[in-house]
Number of protein chains: 2
Amino acid sequence: MQDAPNRPYHHGDLRRAVIETALDMLREEKGWQFTLREVARRAGVSHAAPYKHFPDKAALLAEIAMIGFDRLRESLSAAKSEAPKTLRDEITPIAGAYVAFGTDNPALYRLMFSAEEGKAVGMHLNERALAVFDVLLDMLRRGQAAGSIRKRPIEGQAAAAWGLVHGMTMLAIDGLLVPEKVGSAPLDAALSTLLEGLASPAT
Amino acid sequence: MQDAPNRPYHHGDLRRAVIETALDMLREEKGWQFTLREVARRAGVSHAAPYKHFPDKAALLAEIAMIGFDRLRESLSAAKSEAPKTLRDEITPIAGAYVAFGTDNPALYRLMFSAEEGKAVGMHLNERALAVFDVLLDMLRRGQAAGSIRKRPIEGQAAAAWGLVHGMTMLAIDGLLVPEKVGSAPLDAALSTLLEGLASPAT
DNA sequence: ATACATTGTTGACAGTGACTACTTAAGGGG
DNA sequence: CCCCTTAAGTAGTCACTGTCAACAATGTAT
């Protein structure tokens with residue numbers, strides 16, 4: 001991210017550089033106290049330069065959160081297996097990818113779900129979040145079409161799945177899934193329970 | 001919370017007053033940007049007075065989070081029905097109380113799960129959180145003893161239940177459970193799925 | 001009563017987000 | 001070639017925050 005030695009007066013692509021720097025910072029510190037001035041400092045520009053590209057701090061955070069949701073969605077899509085034999089084979093990798101994304105990027109994941117939902121920008125953010133939800137929804141819809149999932153309204157079952165992986169991710173980030181309380185592989189165990197709940201009784 | 005007109009120099013019970021005021025503020029604003037100075041202001045005391053009772057802001061927040069966990073545990077205990085006929089009758093009110101606590105006190109609930117887990121005080125905090133978990137654990141243990149819950153390691157199933165209600169609570173707080181995406185009663189639907197997963201196959 | 005410990009107050013400091021006025025670089029038309 | 005417009009960055013200000021040190025008021029033990 002360091003520029004050429006004689007950096008021109010105009011950065012050229014400061015907007016992207018600011019976002020990149022912010023993402024780096026999010027990746028490093030898990031506690032994400034994120035000062036706009038330090039972003040500017042690390043990007044090598046003055047503390048007011050980002051204001052030429054973002055109206056305020058919240059706008060930058062919202063942008064980053066959106067990028068986070070996009071990446072999460074990509075992770076999930078990439079984790080889809082092509083020819084799943086069982087429902088478990090289909091769901092496990094996606095759920096694993098979801099939780100892994102959260103535990104690998106704890107500060108980013110926290111940020112994604114801590115933006116104010118009242119603001120207008122929150123609408124766009126929610127769009128991205130619901131796009132992630134759509135991946136789950138599609139998966140379950142296919143499973144239901146194939147007969148491996150209960151014939152119940154799919155939205156409710158998807159909500160259960162999302163709630164479960166979201167909750168497990170948050171608990172993992174907070175270090176609350178301690179083995180002596182919750183078993184050695186809580187995610188696997190929780191997934192087993194979820195799978196039983198989703199699977200159609202005939203199976 | 002207003003004192004007698006000629007308030008004495010020494011407040012008398014400032015520690016409790018500060019906590020009470022902070023809880024009030026948490027209840028009001030959902031965005032919880034929580035300034036120590038405003039707590040002092042609203043408690044009618046100078047801006048540095050709280051430092052005689054708390055080493056720093058984080059300590060106050062940790063204390064409040066612990067109180068939050070205690071109250072959550074009490075809510076769950078109070079929601080236990082005495083003679084549940086079915087597993088559903090046992091689980092539904094507790095899960096409902098859990099989510100209701102979160103949506104009724106969004107700022108407090110967020111705070112409870114956003115404390116740094118690395119600190120020493122985090123240990124005590126986790127203790128309280130795991131005490132909440134114990135309520136769920138006990139409930140499922142009773143269900144398993146009665147035969148209505150699958151004979152699987154109980155910790156994993158409790159993790160699933162906790163993850164699910166925690167996740168649903170967070171999503172609800174963030175306004176992500178929009179009806180057109182997720183159905184009209186996502187919690188009920190998710191609980192149904194969870195119940196199928198917990199229930200022993202014989203039933 | 002006098003010394004001490006506790007509790008609260010005042011004032012200061014560095015750091016922050018937000019904003020404004022100023023300066024510099026780059027490009028285009030005549 | 002020069003001037004002018006405009007985007008990009010800079011410096012400096014303002015109100016506010018968390019924290020700390022010095023000081024004042026109160027209660028308590030000797």
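None of the values given here were measured: they were computed from a predicted structure. Just so it is clear: chains get the letters A, B, ... in the order the sequence lines come, proteins before strands, and each one is counted from 1. No hydrogens, no waters, no symmetry mates; every other heavy atom, side chains included, goes into these values.
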Subject >> Rounded distance in Å - NE2 (B:H53) to P (C:dT6) >> reply: 12 Å
Original post:
Of all the choices, D:dA11, C:dG8, C:dA18, which nucleotide is nearest to the side chain of A:A48 once you look at every atom?
Top reply: D:dA11
Subject >> N/O (side chain, B:Y51) to phosphate O (OP1/OP2, D:dC20) under 4.0 Å >> reply: no
Subject >> Atom-pair distance (CZ on A:F54; P on D:dG9), nearest Å >> reply: 12 Å
Original post:
In whole angstroms, how far is the P atom of C:dA18 from the CZ atom of A:F34?
Top reply: 11 Å
Original post:
Are B:R15 and C:dT6 close enough that a side-chain N or O sits under 4.0 Å from OP1 or OP2?
Top reply: no
Original post:
When the distance from NZ of B:K57 to C1' of C:dG15 is rounded to whole Å, what number comes out?
Top reply: 14 Å
Original post:
Any idea how B:F113 and B:H166 line up, ring-wise: parallel (<30°), tilted (30 to 60°), or perpendicular (>60°)?
Top reply: tilted
Subject >> Spacing of A:L36 atom CG relative to D:dT17 atom C1', expressed in whole Å >> reply: 17 Å
Original post:
Rounded to whole angstroms, how far apart are CD on A:Q33 and C1' on C:dG15?
Top reply: 12 Å
Subject >> Among C:dA18, C:dT7, D:dG9, the one nearest A:D56 by side-chain distance >> reply: C:dA18
Subject >> Any B:S148 side-chain heavy atom under 4.5 Å of B:T86 side chain >> reply: no
**OP:** On the 0 to 90° scale, with breaks at 30° and 60°, tag the A:Y109-A:F101 ring pair as parallel, tilted or perpendicular.
**Re:** perpendicular
Subject >> Atom CZ of A:R16 with >12 non-hydrogen neighbours under 6.0 angstrom >> reply: no
Subject >> Polar pair under 3.5 Å, donor/acceptor by atom type, side chain B:H47, base C:dG11 >> reply: yes
**OP:** Might you confirm whether atom NZ of A:K151 has over 12 heavy atoms from other residues, nucleotides or ligands at distances under 6.0 Å?
**Re:** yes
**OP:** Round to a whole Å and report the spacing from CZ of B:R16 to C1' of C:dT7.
**Re:** 17 Å
Original post:
So, is B:S46 close to the C:dT9 phosphate, meaning a side-chain N or O under 4.0 Å from OP1 or OP2?
Top reply: yes
Subject >> Side-chain donor/acceptor contact of A:R37 with base of C:dG17 under 3.5 Å >> reply: yes
**OP:** Choose from D:dG18, C:dT16, D:dA21 the nucleotide whose nearest atom is closest to any side-chain atom of A:R41.
**Re:** C:dT16
**OP:** Answer with yes or no whether B:K52 presents, from its side chain, a donor or acceptor under 3.5 Å of a partner atom in the base of C:dG8.
**Re:** yes
